[in-house]
2 protein chains.
Amino acid sequence: MDVKTLCLGILCRQDASGYDIKKHFETAFSHFFAAGFGSIYPALAELSDSGLVTCDEECRHGKPGRKVYRVTEAGRQAFIAALRETEPRHKVRSEFLVLMYFAELMSTDRLREVLDQRAQEIENLFTKADEFDHRFGDPLSAGEQFVSGYGRALLKAAREYIRENRHLVENDHKQNLTTSPRRIRA
Amino acid sequence: MDVKTLCLGILCRQDASGYDIKKHFETAFSHFFAAGFGSIYPALAELSDSGLVTCDEECRHGKPGRKVYRVTEAGRQAFIAALRETEPRHKVRSEFLVLMYFAELMSTDRLREVLDQRAQEIENLFTKADEFDHRFGDPLSAGEQFVSGYGRALLKAAREYIRENRHLVENDHKQNLTTSPRRIRA
DNA sequence: ACGGTCATGTAAAGTGTTACATGATTAC
DNA sequence: GTAATCATGTAACACTTTACATGACCGT
C-alpha cells in the first residue's frame, strides 16, 4: 500500500491539507507507517488528477494558499476496494537489531550508547502514544483503539526485553576485534 | 544501512555466495531486514569492485559457477566503521495495522480473514524462529541470541494482543459503509 | 529579533522490488 | 518425470528520501 492510498484513506475520515496529512502520519500512524512531504504532495496531486479527491484552495494574500482536500464518492469506493485487496503484510526494518546482531564487532561503550538511545526512544514513543490517546476532541474509533493498543503492547514488550537482556550483548567480553572468530562453511 | 553493508557484515562472519546470503536474510535477519536477489547480487559486485571483498569462483561445467565471497581486511574495517556510524533506527511498515486502523470501512468477514491470516503468520514465524535456534552446528552468538529472543518476545506480545483485542474491531457493528461518519475539521 | 509552526511544492538521487532469462542438481 | 532447491544475473519500474526553494504568522 503506497502513500497515495493512505492519503486517500485519511481523507475518508476527514478533510485535510497536505500538512494535516503529514501530522496524521506522525501521530496516528507513527508506529506503523512513515511518509514525508516529498511523497504526500505528489500523491495528493495525482489523487486530484484522477478525480478521487477534490481540492478547495483557501485564498490567502501570502503565496502558498492552504489546499484542503476532500474525498469524492469515487475516491471513497476506490479506498474501500483497496482495503479489500491489500495483503496484510507487516515488515520491520531495524538498524538497531542489525547493530545488536553484530554486537561482537562493537565496543562496549558504543553498545551501551545504542541500547540507551533505543531505550530512550521507546520512552518517547510511550509519551507520544499517551498524548495521542488523551488528546481531547473526538473519541478514538475502534480501529484507532486497536492500533494504538497494539503499538503500546509491542513497545512494552520491547522495553522489557531490552531491560532484561541487554547484558547478553553488553557483557560479551571481546578479544581482539580484528580477529574475532569466523565460521567456515561446512 | 543498505543491503551492501549488510552483505559485508554477513561476510565478516562467514564466507558465502549470494545465494547463501539470501538464506541468511531469510533466517537470521528475517524479522528485521529483508533483501532479494535483485539487491544482493549487484551489492556483491560493487563490494568486489571496491576491494572490500574477494571472490573465488568455483568452476562448474554448467554455466553459472558458484561464487564464494570473502571479506578483506579493508572490508572488515569498513564494516566496523559502519557499525560505529549507523543510527539505531527501528521502522515498521505494516499494511496489517493500516487495515485494522480502517476497520470501520471493512466487512466483518474480511476483518476476520485478515486477523486469522496475521495470527497464522505469527505462528509460522514462531516455527521459523524455533528452527533457527535449534539448528545444529554452531551455537548462537550473543548477538544472535539477543536478536532472536527480541523477535520472539515481540511475536509473543503481538499474538497475545491480537487474541485479546480482536473483538474491538470484529464486533464493530457497522451501519452503512458508504455513509460512515466523517469528522469535520475544527 | 528569533525560533517554531504553518504551508506548498520540485527535482535529483538513492534504493529496493519485480519480472525476466537461464540452467544444473537433488529428492521423491 | 517433476518439483524443489541451488545458482547467477540484468533491466525496468516503483517508490521514497533528501535537499532545495519560498514565505507568512505567532508567541516570547
Side-chain angles (χ1 to χ4, degrees), chain A residues 1-8 15-27 29 32-50 53 55-69 82 86-87 89 91-95 98 131 185-186, chain B residues 1-8 15-27 29-30 32-49 53 55-69 82 86-87 89 91-95 98 131 185-186:
Chain A
M1 189 172 280
D2 57 19
V3 171
K4 192 159 98 177
T5 310
L6 265 307
C7 289
L8 188 58
D15 300 340
S17 66
Y19 196 86
D20 294 333
I21 287 174
K22 176 85 192 304
K23 279 272 120 71
H24 204 93
F25 274 103
E26 284 170 358
T27 55
F29 288 6
F32 62 91
F33 219 100
F37 287 126
S39 312
I40 293 169
Y41 285 123
L44 288 170
E46 285 167 43
L47 288 170
S48 203
D49 286 347
S50 45
V53 304
C55 172
D56 281 317
E57 186 161 4
E58 287 173 9
C59 284
R60 296 202 300 170
H61 35 295
K63 289 296 153 50
R66 180 183 152 89
K67 289 181 175 178
V68 177
Y69 293 89
T86 299
E87 292 291 303
R89 287 182 217 148
K91 269 193 194 175
V92 177
R93 186 194 172 104
S94 178
E95 269 85 14
V98 169
E131 281 168 15
R185 276 180 51 82
Chain B
M1 189 173 279
D2 58 19
V3 171
K4 193 159 98 176
T5 311
L6 264 308
C7 288
L8 188 58
D15 300 342
S17 66
Y19 197 86
D20 295 332
I21 287 174
K22 176 85 190 306
K23 280 271 120 71
H24 204 93
F25 274 103
E26 285 169 359
T27 54
F29 288 6
S30 62
F32 62 91
F33 220 100
F37 287 126
S39 313
I40 293 169
Y41 285 122
L44 288 171
E46 284 167 44
L47 288 170
S48 201
D49 286 348
V53 305
C55 172
D56 281 316
E57 187 161 3
E58 288 174 8
C59 284
R60 297 202 299 169
H61 36 295
K63 291 293 154 51
R66 180 184 152 89
K67 289 180 175 178
V68 177
Y69 293 89
T86 299
E87 291 293 300
R89 286 184 217 146
K91 268 192 192 176
V92 178
R93 184 194 174 108
S94 177
E95 270 85 14
V98 170
E131 281 168 16
R185 276 180 50 82

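Protein chains get the first letters and strands the later ones, always in sequence-line order, with residue 1 at the start of each. Quick note: numbers below take in every heavy atom, side chains included, and nothing from hydrogens, waters or symmetry partners.
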Interatomic distance where [atom1] belongs to [X] and [atom2] belongs to [N] [whole Å]:
X     : N      : atom1 : atom2 : value
A:I40 : C:dA7  : CD1   : P     : 14 Å
B:K67 : C:dG23 : NZ    : C1'   : 16 Å
A:D56 : C:dT8  : CG    : P     : 13 Å
B:E26 : D:dA7  : CD    : P     : 13 Å
B:E57 : D:dT8  : CD    : P     : 9 Å
B:D2  : C:dT15 : CG    : P     : 5 Å
A:F37 : D:dA21 : CZ    : C1'   : 14 Å
A:M1  : D:dT16 : CE    : C1'   : 17 Å

Exercise. Of B:P42 and B:R93, whose closest DNA chain D nucleotide lies nearer the 5' terminus?
Worked result: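 Nearer the 5' end of the strand: B:P42.
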Using the side-chain heavy atoms of [X], tell me which of these nucleotides is nearest: [options].
X     : options               : answer
B:R66 : C:dT15, D:dA7, C:dT8  : D:dA7
A:Y41 : D:dA7, D:dT10, C:dT10 : C:dT10
B:Y19 : D:dC15, C:dT17, D:dT5 : D:dT5

Side chains of [X] and [Y] in contact at under 4.5 Å (non-hydrogen atoms):
X     : Y     : answer
B:H24 : B:I40 : no
B:F33 : B:L6  : yes
B:R93 : A:F32 : no

Problem set entry | Nearest heavy-atom neighbours spanning A:A34 and A:F25 |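 Distance-wise, the nearest heavy atoms are C-CD2, 4.4 Å.
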For this session: Quick one: closest heavy-atom pair of A:F37 and A:G18, and the distance?
Result: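 Residues A:F37 and A:G18, closest heavy atoms: CE2-O, 4.3 Å.
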Exercise. With a non-hydrogen cut-off below 4.0 angstrom, is A:G38 in contact with a base, only sugar-phosphate, or nothing?
Worked result: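 Since a base atom lies under 4.0 Å of A:G38, the category is base.
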For this session: Looking at every strand, decide which applies to B:K4 at a 4.0 Å heavy-atom threshold: base, sugar-phosphate, or nothing.
Result: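 Touches nothing.
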Problem set entry | Phosphate contact (C:dT17 OP1 or OP2) by A:K91 side-chain N/O below 4.0 Å |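 So the side-chain polar atoms of A:K91 do come within 4.0 Å of the phosphate oxygens OP1 or OP2 of C:dT17, strictly under.
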For this session: Verify the contact: side-chain N or O of A:K23 to OP1 or OP2 of C:dC6, cut-off strictly under 4.0 Å; return yes or no.
Result: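 True: A:K23 side-chain N/O within range (under 4.0 Å) of C:dC6 OP1/OP2.
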